[in-house]
Amino acid sequence: MTEAARYQKLKEIVTIYLPEDVAVDMITEESHFINELNINSANLVDIVLDVEDAFDILLENEDMDQMQTVKDALAIIDTKLTKTS
């Protein structure tokens, strides 16, 4: 899976949990999940679970703590996919 495909898949997952006052086009690699995209902590957990399912990976608590931005999430996904391949 290419980096662009992983980004698109992550963006599709995040889109589901965006509050009504945040537009999909506001999602960039630099977007902070809580501060910019207004995603609450409960929905962030849902995103983590969806990411695990979508990419067939297992995220640890420390991974979740490090996942502040879309770019952070992509880096963690890349690391996990590299370990499993």
Side-chain angles (χ1 to χ4, degrees):
M1 179 182 293
T2 66
E3 189 174 323
R6 286 191 297 272
Y7 173 65
Q8 188 57 40
K9 186 183 265 193
L10 178 60
K11 193 172 174 179
E12 289 169 6
I13 292 169
V14 172
T15 298
I16 296 167
Y17 299 100
L18 288 178
E20 290 181 18
D21 63 336
V22 179
V24 173
D25 60 3
M26 291 179 70
I27 302 172
T28 68
E29 285 195 24
E30 303 302 321
S31 297
H32 190 281
F33 288 115
I34 296 170
N35 296 341
E36 292 175 42
L37 299 178
N38 296 334
I39 293 174
N40 66 38
S41 56
N43 283 344
L44 198 51
V45 170
D46 290 334
I47 289 171
V48 167
L49 294 173
D50 288 354
V51 164
E52 287 181 329
D53 289 343
F55 293 97
D56 195 26
I57 58 176
L58 181 61
L59 298 173
E60 307 296 333
N61 286 340
E62 54 268 11
D63 297 324
M64 292 169 41
D65 293 340
Q66 294 173 6
M67 199 182 308
Q68 302 293 314
T69 66
V70 172
K71 184 183 268 187
D72 294 341
L74 288 169
I76 292 166
I77 291 166
D78 288 346
T79 299
K80 295 293 183 177
L81 290 174
T82 302
K83 286 182 181 178
T84 61
S85 60

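Sequential numbering from 1 along the given sequence is applied to the chain's residues. These numbers come from the heavy atoms of this one structure, side chains and all, not from hydrogens, waters or symmetry mates.
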State, with a plain yes or no, whether a side-chain heavy atom of Val70 is found less than 4.5 Å away from one of Leu10. yes
Between Thr79 and Thr82, a side-chain donor and acceptor under 3.5 Å: no
State plainly whether one hydrophobic cluster holds both Leu44 and Leu58, where clusters connect Ile, Leu, Val, Met, Phe, Trp and Tyr through side-chain heavy atoms under 4.5 angstrom apart. no
Heavy-atom closest contact (Val22 atom, Glu36 atom, distance): CG2-O, 4.4 Å
Minimum-distance pair of heavy atoms, taken over all atoms of Ile34 and Ile39: CG1-O, 3.4 Å
Sequence neighbours excluded, every pair satisfying side-chain hydrogen bond (donor to acceptor under 3.5 Å, both in side chains) that has a member inside residues 5-19: Arg6-Asp78, Tyr17-Asp50
Tightest non-hydrogen contact, residues Asn40 and Asn43, listed as OD1-N, 2.7 Å
May I ask you to check whether over 12 heavy atoms, not counting those of Glu3, lie within 6.0 Å of atom CD? no
Whether Gln68 side chain and Phe33 backbone form a donor-acceptor pair below 3.5 Å: no
Please give me the minimum heavy-atom distance between Asp72 and Met67, naming the atom from each residue. CB-CA, 4.0 Å
Please walk me through it: do Asp46 and Ile13 pass side chain to side chain contact (heavy atoms under 4.5 Å, CB included)? CA-CA 9 Å; Asp46 290 334; Ile13 292 169; over 6 Å; no
Nearest heavy atoms of Leu37 and Pro19, plus distance in Å: O-CD, 3.3 Å
With Val51 as reference, evaluate Leu49, Val48, Asp53, Ile47 under the side chain to side chain contact (heavy atoms under 4.5 Å, CB included) test and give the passing residue. Ile47
Distance (rounded to the nearest 0.5 Å) between Ile77 CD1 and Glu52 CD: 10.5 Å
Would you name the heavy atoms of Ser31 and Met26 that are closest together and state the gap between them? OG-O, 3.0 Å
Return yes if some donor-acceptor pair links the side-chain N/O of Asp63 with the main-chain N/O of Glu60 below 3.5 Å, else return no. yes
Would you say Gln66 and Ile76 make side-chain contact, with heavy atoms under 4.5 Å? yes
